[in-house]
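What follows is a set of notes on a single structure, which appears directly below.
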Amino acid sequence: MLDMKWIRAHADEVQAAADGKKINISIRILLERDEERRALLQETEEGRRMRNTLSADIGKLMQSGDREQAEELRARVKQLNEQLEQVEAKLADVQEEVTRLQWLVPNVVSPDTPNGASDEDNVELRRVGETPKFDYTAKDHVELGELHDLIDIPRGVKIGGTRSYVLKGAGLLLHRAVQQLALDLLLRHGFTPMEVPLMVREDALVNTGFFPTGRDQVYELEGEGKWLVGTSEVPLVSYYADEIVDVQKPIKLAAVSTCFRSEVGSGGRDVRGLYRVHQFAKVEQVILCAPDAAESERMLQEITGHAEELLQLLELPYRVVAVCTGDMSQKTYKQYDIETWMPSRGAYGETHSSSNLHDFQARRSNIRCRDAEGKLAYCHTLNNTAVASPRILIPLLENHQQEDGSIRIPAALQPYIGGAEYLILPHQDEENQK
């Protein structure tokens with residue numbers, strides 16, 4: 001969590017970040033409670049010091065045979081103990097309140113983060129690629145998935161309830177292909193691939209900044225004291241918790257994992273198809289680097305570039321937006337989202353997110369490094385979605401559909417699905433065989 005001295009010196013900035021991120025906390029109350037905590041702590045320490053002094057005096061009096069005065073001091077010690085119990089109980093209550101508030105304190109935001117209330121206020125930075133123009137009635141990904149027998153949502157719902165699906169045949173192959181393409185890309189950029197736990201302890205979610213504010217988005221394994229992660233960012237960062245790491249060269253980690261999110265608060269939104277589902281797969285990139293603002297900014301541009309490279313390999317039009325304060329989470333210092341063109345929506349839809357957290361996660365996770373002078377400092381952490389599927393299948397199917405119903409496979413993906421250039425309909429395959 002942020003250092004209390006720093007919070008005290010930057011109270012207005014921290015409160016502005018909390019207000020912008022819609023986190024219900026009063027920094028003034030936090031500082032008042034912390035003052036109360038420090039006063040009670042001082043009172044407790046003074047009471048204990050006095051008790052120790054009196055106890056030593058009692059011992060001396062007993063040795064000298066002055067039992068009467070020793071008994072008087074014992075009475076004073078008893079009274080002092082009763083007072084200490086009351087002060088210590090009050091201190092424990094105040095400390096609990098201070099800790100609860102501290103966990104809610106957000107990361108401040110970068111000077112170039114736009115102000116805004118929601119994703120509608122995010123600021124477009126650039127567009128890449130041309131959006132397709134269809135001179136025929138284009139189909140959405142659900143229709144294309146059914147035509148090609150790639151997606152079965154009704155049976156998915158029958159099995160798992162709302163926001164569930166089944167990928168089959170070439171649908172599964174595409175799902176796996178985009179993940180492997182992303183992983184291979186990250187390997188070329190020096191990332192270490194990892195298989196990590198997807199069931200994590202509560203402290204992993206607290207320390208990485210997903211709790212307490214995002215608790216309603218995470219599935220709990222009742223009775224286990226564990227939760228299912230919504231991103232492998234959690235175990236990747238937690239891998240180095242309570243350690244001193246060497247970041248003379250940035251530590252670059254990547255994981256391919258299944259992810260789970262409850263999507264609380266999204267009722268009625270994006271209910272059709274694969275856009276907002278409870279279970280999905282993600283290739284995540286995480287970086288730990290030196291606690292230097294220029295260095296972590298460079299890393300932010302780099303990991304964002306990797307996601308853009310992936311979209312260019314998939315031959316998909318996209319745009320990059322600077323995320324505003326009202327669309328940011330508690331932990332984020334600076335964030336970009338990448339939105340890919342989805343013809344069925346007639347708009348760009350978010351497919352990637354890229355964040356610089358400065359030392360927010362490292363403080364909570366106690367991940368330190370040595371600075372240029374050899375002193376211990378908290379390192380900076382960053383994360384980015386290299387690809388998330390099946391959401392990426394929406395633009396992949398819709399943008400590359402052909403008038404005859406076939407779907408063109410981008411050249412970069414073809415080696416991962418047996419070299420096929422197109423997904424063709426069954427009747428087309430029969431005609432080709434004739």
Side-chain angles (χ1 to χ4, degrees), residues 119 129 131-179 181-182 230 258-263 265-282 310-311 314-319 337-352 385 387-410 413 416-417 420-429:
D119 57 359
T131 58
K133 301 294 189 294
F134 300 107
D135 54 8
Y136 53 89
T137 302
K139 296 177 175 59
D140 69 14
H141 69 284
V142 175
E143 295 172 300
L144 291 167
E146 291 173 347
L147 275 174
H148 289 270
D149 202 21
L150 312 176
I151 305 167
D152 193 332
I153 292 175
R155 287 192 177 96
V157 172
K158 179 178 68 174
I159 299 167
T162 58
R163 300 190 187 275
S164 298
Y165 60 92
V166 170
L167 297 178
K168 53 191 298 193
L172 174 63
L173 297 181
L174 285 172
H175 174 72
R176 296 287 296 272
V178 293
Q179 294 172 60
L181 176 64
T258 303
C259 305
F260 306 89
R261 291 187 188 172
S262 66
E263 294 292 356
S266 65
R269 293 172 52 203
D270 304 308
V271 294
R272 179 171 169 78
L274 302 176
Y275 191 84
R276 198 176 298 278
V277 292
H278 292 309
Q279 176 183 317
F280 55 99
K282 195 150 70 111
L310 187 281
L311 286 173
L314 296 178
E315 302 173 33
L316 295 173
Y318 65 90
R319 68 174 187 167
D337 277 356
I338 302 177
E339 301 174 347
T340 308
W341 180 255
M342 300 181 181
S344 63
R345 298 164 71 91
Y348 292 93
E350 180 199 335
T351 52
H352 300 72
T385 313
V387 75
S389 185
R391 185 177 289 191
I392 196 65
L393 300 185
I394 299 173
L396 188 64
L397 297 176
E398 293 182 357
N399 282 285
H400 295 316
Q401 64 180 295
Q402 307 297 304
E403 186 172 6
D404 63 0
S406 63
I407 300 167
R408 184 175 63 83
I409 305 300
L413 270 187
Y416 298 94
I417 57 169
E421 297 181 8
Y422 289 87
L423 294 183
I424 59 177
L425 297 171
H427 73 272
Q428 295 172 324
D429 188 40

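Note that the numbering runs from 1 along the sequence shown for the chain.
Residues L181 and L314 form a side-chain contact, since some pair of their non-hydrogen atoms from C-beta on lies under 4.5 Å apart. Side-chain contact between L274 and Y165 is present, with at least one heavy-atom pair separated by less than 4.5 Å. Within the 4.5 Å cutoff, side-chain heavy atoms of N399 are placed close to those of P317.
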Between T351 and M342, does the side-chain contact (heavy atoms from CB on, under 4.5 Å) criterion hold? Intermediate values first, please.
CA-CA 10 Å; T351 52; M342 300 181 181; 3.7 Å; yes

Would Y136 and Q401 count as a side-chain contact (heavy atoms from CB on, under 4.5 Å) if you check the C-alpha gap in whole Å, the side-chain angles of each, and the deciding distance to 0.1 Å?
CA-CA 11 Å; Y136 53 89; Q401 64 180 295; 4.0 Å; yes

With side-chain contact (heavy atoms from CB on, under 4.5 Å) as the criterion, how do D119 and E350 come out once you've worked through the C-alpha distance, each side chain's angles and the decisive distance to 0.1 Å?
CA-CA 10 Å; D119 57 359; E350 180 199 335; over 6 Å; no

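Between the R391 side chain and the Y275 main chain, a donor and an acceptor come within less than 3.5 Å of each other. Using modelled atom types, no side-chain atom of H141 and backbone atom of L396 make a donor-acceptor pair closer than 3.5 Å. R276 places no side-chain N or O within donor-acceptor distance of the main-chain N or O of R163, the cut-off being under 3.5 Å. Panel note: side chain E398, backbone S344; a donor-acceptor pair is recorded below 3.5 Å.
Residues H400 and P410 come closest through the heavy atom pair NE2-CG, 3.5 Å. Summarising the geometry of I417 relative to A177, their closest heavy-atom pair is CG2-CB, 3.9 Å, with the distance given to 0.1 Å. Scanning all heavy atoms of the two residues, the minimum distance from P390 to F280 falls at CD-CB, 3.8 Å. When all heavy atoms of G230 and K282 are compared, the closest pair comes out as O-CE, 4.0 Å.
Residues satisfying the side chain to side chain donor-acceptor pair (under 3.5 Å) criterion with E339, sequence neighbours excluded, are R319. The ring-ring contact (aromatic ring centres under 6.0 Å, His included) search around Y422 returns none, not counting sequence neighbours. Applying the side chain to side chain donor-acceptor pair (under 3.5 Å) criterion to E143, with sequence neighbours excluded, gives no partner residue. In this structure, E146 has no salt bridge (Lys or Arg N to Asp or Glu O under 4.0 Å) partners at least two apart in sequence or on a different chain. Every residue two or more places apart in sequence or in another chain that forms a side chain to side chain contact (heavy atoms under 4.5 Å, CB included) with L147 is listed here: K139, L425. Every side chain to side chain contact (heavy atoms under 4.5 Å, CB included) that S262 has, sequence neighbours left out, goes to Q217, Y219, V264. Checked against side chain to side chain donor-acceptor pair (under 3.5 Å), R345 has the following partners two or more places apart in sequence or in another chain: D270. When the salt bridge (Lys or Arg N to Asp or Glu O under 4.0 Å) test is applied to D140, the partners found at least two apart in sequence or on another chain are R272. Listed by chain and number, the residues in a ring-ring contact (aromatic ring centres under 6.0 Å, His included) with Y416 amount to none (sequence neighbours excluded). For T131, the side chain to side chain donor-acceptor pair (under 3.5 Å) criterion is met by K133, not counting sequence neighbours.
Just one of L393, L167, I392 meets the side chain to side chain contact (heavy atoms under 4.5 Å, CB included) condition when paired with L174; it is L393.
The distance from atom CD1 of I338 to atom CG of L311, rounded to the nearest 0.5 Å, is 6.0 Å. Between the CG atom in L397 and the CG atom in L423 there is a gap of 7.5 Å [rounded to 0.5 Å]. Note that CZ of R261 is 12.5 Å distant from NE2 of H278, once rounded to the nearest 0.5 Å.
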Report all side-chain donor-acceptor pairs from residues 150-158 shorter than 3.5 Å, counting only partners two or more places apart or in another chain.
residue : atom : partner : partner atom : Å
D152    : OD1  : R155    : N            : 3.1
D152    : OD2  : R155    : NH1          : 2.7

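The salt bridge (charged side-chain N to carboxylate O under 4.0 Å, His left out) pairs that include a residue from residues 167-179 are D149-K168, where partners are two or more places apart or lie in different chains.
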